[in-house]
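Some notes on the structure that comes next.
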Amino acid sequence: MTTIHLHNTATRKKQVFTPLDPENIRMYVCGPTVYDRAHLGNARPVVVFDVLFRLLRHEFGADHVTYVRNFTDVDDKINNTALERQKAGAEGTLEELIAERTEETIGWYHADMDALGAMRPTKEPRATQYIGAMISMIEGLIAKGHAYAKDGHVLFRVRSYAEYGALSGRSVDDMIAGARVEVAPFKEDPMDFVLWKPSGDDLPGWESPWGRGRPGWHIECSAMSHELLGPSFDIHGGGLDLQFPHHENEIAQSCCAHPGAGFASVWMHNEMLLVEGKKMSKSLGNFFTVRELLDQGYAGEVIRFVMLSTHYRKTMDWTEKKAQEAEKTLWEWHALAKDVQPSAPSAALVDALSDDLNTHAAITELHRQANVLMAFEAGADLPDSFDADQAYSQFVGSAQLVGLMTPEVSDWAENAYDLSGLEMLLESYRSQAMQTKDFSAVDRLKNSLIEAGVEVRMSKSGVELLAGSNFNPEKLAGLA
RNA sequence: GGUGGGUUGGCGGAGAGGUUACGCACCGGAUUGCAAAUCCGUGAAGACCGGUUCGAUUCCGGUACCCACCUCCA
């Protein structure tokens with residue numbers, strides 16, 4: 001078995017991954033707040049941890065990995081959307097409108113992430129399904145002196161947890177000195193954060209020992225990870241922006257509620273994303289959702305390829321140029337390995353991923369394999385040991401380990417348009433022209449095909465037509 | 001102010017203290033009716049200043065610039 005190394009944010013080191021229980025690897029990744037379409041930045045952790053999920057399944061067996069990714073469906077942004085709809089005259093109670101909004105958003109999320117070839121996690125809990133677990137966790141924290149109730153709020157007492165700040169490398173005093181913390185009258189200390197807050201009649205709420213209210217943002221992940229994975233598990237992931245305060249607060253809550261359990265062994269954070277060198281923002285006009293990209297004609301597989309071409313701990317720049325290069329590469333690979341059944345991935349590819357998810361090295365390895373196949377097709381001299389069938393199937397199997405060239409994402413490139421009629425026509429024109437030396441008809445047809453985005457390959461062995469990535473079937477009308 | 005990250009050839013983007021990264025683009029050649037595709041090959045790098053070393057783009061220190069987080073955010 002390959003040794004997997006992962007970079008642990010908590011120790012700032014790359015470490016050998018040793019499962020707590022090889023029979024059941026457990027991973028928790030912070031999922032989306034379901035108030036709107038997922039934007040491109042939301043997609044990065046999905047793709048990153050999907051690759052990790054696939055690697056772990058490959059190494060430990062598909063039935064021995066549990067991947068939990070939550071939906072945050074308690075949130076003021078959702079409430080606001082529902083309130084706006086109600087004001088605009090939408091039918092139904094606020095609770096119903098909220099449920100409607102979260103349902104539709106979850107549906108979008110699934111559709112968009114499916115398009116990127118991301119496997120569904122083993123479990124996708126929703127915060128609203130675990131309110132009871134959150135309440136009992138909060139009660140436990142109060143009982144141990146780690147939290148206190150005041151004015152309908154419950155707050156976590158940051159000073160009661162000596163390790164607070166260890167994950168993000170901050171000290172409580174430094175942060176207070178930064179003076180960018182909200183000082184609320186019900187807080188003992190400015191850094192204390194909300195576990196529970198009161199809800200007015202116009203907001204969703206649940207009955208609790210502290211009155212009708214709703215949970216703070218951080219407690220849900222502590223409660224759900226505990227319910228579904230236990231007090232200690234292997235990997236906790238998310239975007240780097242969650243490192244503080246979200247994950248810091250999760251650690252404080254979970255470790256105080258379950259002392260000695262250890263909580264997550266490895267913390268992994270993906271870096272943020274830029275668009276054409278700039279932070280994605282609505283004001284710059286470079287903000288877009290995954291759906292918008294898909295609708296513009298970028299295949300989900302292309303988006304995935306671009307994501308994988310940068311290591312997850314580096315800032316990724318989404319550019320039009322990269323997307324086009326990715327599309328071209330994938331198009332060639334699909335043409336190369338059409339209808340090939342996958343076999344086991346190459347050791348080099350598994351090694352690349354095992355080195356802290358070096359997806360870029362994995363792509364380099366795929367290029368290497370593709371180049372061998374192209375050389376083979378061109379009739380190059382290859383070692384006697386070369387086994388073509390094996391090479392093709394290993395290529396596809398390798399690509400599939402990173403979620404490329406799977407049946408789920410291959411439609412865009414493999415929806416074959418039947419060009420065989422035109423192929424035969426061009427072939428006959430050409431063989432005539434070989435006799436007459438008049439190539440005008442051949443050139444006319446060839447240029448029309450190129451104009452329509454078809455790649456024309458003519459060689460001694462015959463004519464081959466391949467639809468290119470800019471193929472436009474409408475332009476073929478009348479050619480045959 | 002605090003914390004963390006980055007700066008590699010035309011572009012993207014890795015690894016490794018000493019031997020070609022890789023992809024795309026470019027250039028030369030083969031091939032082709034002309035092309036395309038393919039094959040062969042050339043060129044091109046490591047922000048700046050010091051230090052360690054026989055040798056550093058790779059380790060250490062400093063400078064400059066860029067970025068992110070510290071507030072909802074993947």
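Values in this document were obtained by computation on a predicted structure and should not be read as measured data. Proteins get letters first, then strands, A, B, ... in listed order; numbering begins at 1 in each.
- Annotation: side chain of A:Leu273 is in contact with side chain of A:Met307 (closest heavy-atom distance under 4.5 Å).
- The residue A:Thr315 sits apart from the nucleic acid: no heavy atom pair falls under 4.0 Å.
- When heavy atoms are screened at a 4.0 angstrom cut-off, A:Asp443 is found touching base atoms of the nucleic acid.
- At a threshold of 4.0 angstrom between heavy atoms, the contacts of A:Met434 are confined to the sugar-phosphate backbone, with no base atom among them.
- Each of A:Asn358 and A:Tyr35 has a nearest nucleotide on RNA chain B; the 5'-most of these lies closest to A:Asn358.
- Checked options A:His5, A:Gln15, A:Arg313; the residue passing with A:Asp356 is A:Arg313 (criterion: side chain to side chain donor-acceptor pair (under 3.5 Å)).
- Distance from the side chain of A:Thr310 is smallest to B:G13 among B:G13, B:C73, B:U38.
- Residue A:Gly41 is classed as a base contact, given a heavy-atom separation below 4.0 Å to a base.
- Taking the six-membered ring for Trp and the full ring otherwise, the centers of A:Tyr28 and A:Tyr67 sit at least 6.0 Å from each other.
- In the set B:A35, B:A14, B:G23, B:G23 carries the atom at the smallest distance from any side-chain atom of A:Glu325.
- Phosphate contact (OP1/OP2 of B:U8, side-chain N/O of A:Lys314, threshold under 4.0 Å): absent.
- Contacts of A:Arg457 with the nucleic acid, taken as non-hydrogen atoms under 4.0 Å apart, include base atoms.
- A:Lys437 comes within 4.0 angstrom of no nucleic acid atom, judged by non-hydrogen atoms across all strands.
- Across all strands, A:Leu40 comes closer than 4.0 Å to no nucleic acid atom at all (heavy-atom distances).
- On the C1' atoms, B:U57 is 15 Å away from B:C49, given to the nearest whole Å.
- A close approach under 4.0 Å does not occur between any side-chain nitrogen or oxygen of A:Lys328 and OP1 or OP2 of B:G23.
- Heavy atoms of A:His39 sit under 4.0 angstrom from at least one base atom.
- Nucleic acid contact class of A:Phe244 (heavy atoms, under 4.0 Å, all strands): sugar-phosphate only.
- With ring centers used as reference points, A:Phe71 lies under 6.0 Å from A:Tyr109.
- The ring of A:Trp333 has its center closer than 6.0 angstrom to the ring center of A:Phe395.
- Listed nucleotides B:G23, B:A14, B:C39 differ in distance to A:Met374; the shortest reach to its side chain belongs to B:C39.
- Here A:Asn371 lies in heavy-atom contact (under 4.0 Å) with sugar-phosphate atoms only.
- The residue A:His367 sits close only to the backbone: its heavy atoms come under 4.0 Å of sugar-phosphate atoms, none of a base.
- Taking every side-chain heavy atom of A:Asn42 into account, B:C73 is the closest of B:G13, B:A36, B:C73.
- If you check every strand for non-hydrogen atoms under 4.0 Å, A:Val442 touches a base.
- Among the nucleotides B:C73, B:A14, B:A68, the one closest to any side-chain atom of A:Met272 is B:A68.
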